[in-house]
Protein chains: 2
Amino acid sequence: MAQAIRLHQVSPLKASCHQCSLSNLCLPLAIEENDLDRLEDIVQQGKIYNRGEHIFDQSTPVRSCFAVKSGSIKTSIITEGGEEQVTGFFMPGELVGLDSMSSENYACTAKALERTSVCEFPVDKLEELTGKLPELQHHMYHLMSQEIQNSHQLAMLLSKNTAEERIAALLLSLSSRFRRRRMSATNFSLPMARNDIANFLGLAVETVSRVFTRFQNQGIIRARGREVELLDVEALQMVTRDFARQGQ
Amino acid sequence: MAQAIRLHQVSPLKASCHQCSLSNLCLPLAIEENDLDRLEDIVQQGKIYNRGEHIFDQSTPVRSCFAVKSGSIKTSIITEGGEEQVTGFFMPGELVGLDSMSSENYACTAKALERTSVCEFPVDKLEELTGKLPELQHHMYHLMSQEIQNSHQLAMLLSKNTAEERIAALLLSLSSRFRRRRMSATNFSLPMARNDIANFLGLAVETVSRVFTRFQNQGIIRARGREVELLDVEALQMVTRDFARQGQ
DNA sequence: TGCTATACTTGATTTAAATCAAGGTGACTG
DNA sequence: CAGTCACCTTGATTTAAATCAAGTATAGCA
């Protein structure tokens, strides 16, 4: 439904992983300088999606996985009943579609949260290449296992933690991902709506809103709309850890 | 703490994937008959663990992943505070440890729920082999992506579904996994305690117990301790609504 | 520029499941 | 074979977050 004006080159340009500023976060980080050409050979670079456009759709044939170059993406699964579950947010340098690797159809839908550019890796070519470059294969396994761990972490959050703990954890996760990219870890703009946060964390929007105000009143964060400033990171970490202690 | 009497051969026997009754569920299913020897070369077969013994421990160096041969395994992550989150149950033919593939340390602890025998695949050897056998590599990617999907399904269950829906979904998942093994899909013995079910599904034990009795009173199941009989599978599917398919 | 839709916030009430509390069942053990 | 322990069930009460119900801001657009 949001497949309208998709901007991209008619013949996609060969990517230039060599010059990419994300080469220390993305797939190139696993590859020797002189093997990088082989990755460039299979990448299609620079497709740009507008806010709300779909990068791929659940239940359509898998062709590629995608690295975020700029912007951000949310993935979600839709049930038969039309209910949505947000399964992840992806920022520059991160790989989207690992849950569909080597599957027939995409397991989720990926949607641009803002104007977003991606690099596309055709799965068949990627598999072929990882068969030849053991370090790349190793890295793929690593990324996929990380993805499983992330998802287990989310399950843990959902089943054991309070609304405040979940939101604190999300803010800290975003913070550290901004830091990885050498951006401010305390002062950033949320790429997603409250609604998406709520859905992702298994909460009602109202609850998310309330927790944001509560954190603000406690002087832990400052938030106006999507602009967020973490005023007291330690306090946020305390919020997420307080829970861990209840166990004993 | 449960590392006591571990029974295994001093020099592990070479596995016989050729003769294994699970070869159509386990890794061999992705391999040509004449390449099967190469898998057998790297497998260490037949370690047996007693109920409660650990197959591997969270935060210890990753050596191998494991296929369940008989019995069953639960995996869980433990927080700093000692709180446990059960992340999965594994039955014969299923692969344990994918969340730790190509990581430094195990991301979870794997524990035998009953007397359980496993086949061990050293990760380095497995990586080497998948580099040579494209179908095996493909299958590994597939299994890992399935694992991500399963975990997303779990997250969905935890964040959107009621206690009844979660338990119905688990029962149906177990049912279909028994069927895959050509065992009764309606009459089986739960390998795990109510406590583990509760933990896995993000519920209190009391709630699990209550739902079991409720289902029983409604004539949907019959349960005596761990013995379960599904009397009305359709009703169970109705309970789960959109959430029908879990496991594989 | 105002209009509409979407996003966000706040308050009151309800509810599903947790927690608290107690007892039952069965299995292994000294 | 009684005793202990781990596991399971049932009932009463509490609670965190959902839902219901208005609002207010904000952005996009004609």
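Just so it is clear, the structure is predicted and the values come from calculations on it, not from any experiment. To find a chain, count down the sequence lines: A is the first, B the second, and so on, and within it residues start at 1.
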Between B:K74 and B:E84, is the closest basic N to carboxylate O distance under 4.0 Å?
yes

Nearest whole angstrom, please: distance from the P of C:dA7 to the CG of A:D196.
9 Å

Heavy-atom distance under 4.5 Å between the side chains of A:F89 and A:L113, does that happen here?
yes

Starting at atom CD of B:E227, determine the distance to atom C1' of D:dC7, rounded to an integer number of angstrom.
15 Å

Distance check needed: C:dA7 P versus A:F212 CZ, whole Å only.
16 Å

Give a yes or no on this: more than 12 heavy atoms of other residues, nucleotides or ligands lie within 6.0 Å of atom CZ of A:R214.
yes

More than 12 heavy atoms from other groups under 6.0 Å of CZ on B:R226
yes

C:dA7, OP1 or OP2 - any side-chain N/O from A:R226 closer than 4.0 Å?
no

How many Å lie between CG on A:L190 and P on C:dA7, as a whole number?
15 Å

Interatomic distance where CZ belongs to A:R51 and C1' belongs to D:dC29 [whole Å]:
14 Å

Between A:Q216 (CD) and C:dC8 (P), how many Å, whole number?
14 Å

What is the distance, to the nearest angstrom, from the CD1 atom on A:I167 to the P atom on C:dC8?
13 Å

If we ignore angles and hydrogens, is there a donor and acceptor under 3.5 Å between the side chains of B:S173 and B:R177?
yes

For nucleotides 12-19 of chain D, which of its nitrogen or oxygen atoms have a protein nitrogen or oxygen under 3.5 Å away, and what is each distance?
{"residue": "D:dA17", "atom": "OP1", "partner": "A:A163", "partner atom": "N", "Å": "2.7"}
{"residue": "D:dA18", "atom": "OP1", "partner": "A:G202", "partner atom": "O", "Å": "3.4"}
{"residue": "D:dA18", "atom": "OP1", "partner": "A:A204", "partner atom": "N", "Å": "3.0"}
{"residue": "D:dA18", "atom": "OP2", "partner": "A:A204", "partner atom": "N", "Å": "3.2"}
{"residue": "D:dA18", "atom": "OP2", "partner": "A:T207", "partner atom": "OG1", "Å": "2.2"}
{"residue": "D:dT19", "atom": "O4", "partner": "A:R210", "partner atom": "NH2", "Å": "2.9"}

What's the spacing between A:S209 OG and A:I197 CD1 if we round to 0.5 Å?
10.0 Å

Please confirm whether the shortest side-chain N or O distance from A:T213 to OP1 or OP2 of C:dT10 is below 4.0 Å.
yes

Distance alone, cut at 3.5 Å: any donor-acceptor contact between the side chains of B:N161 and B:R166?
no

For the pair made of CZ in A:R194 and C1' in C:dC8, what is the distance, rounded to whole Å?
7 Å

In degrees rounded to 10°, what angle is found between the helical axes fit to the five outermost pairs at each end of the helix from C:dT1-D:dA30 to C:dG30-D:dC1?
30°

Carefully, step by step, assess B:K47 and B:E53 under the rule salt bridge (charged side-chain N to carboxylate O under 4.0 Å, His left out).
CA-CA 12 Å; B:K47 280 198 188 171; B:E53 284 184 339; over 6 Å; no

Please say whether the positively charged group of A:R194, taken as NZ for Lys or CZ for Arg, lies over the ring of A:F212, i.e. under 6.0 angstrom from the six-membered ring centre and within 45 degrees of the axis.
yes

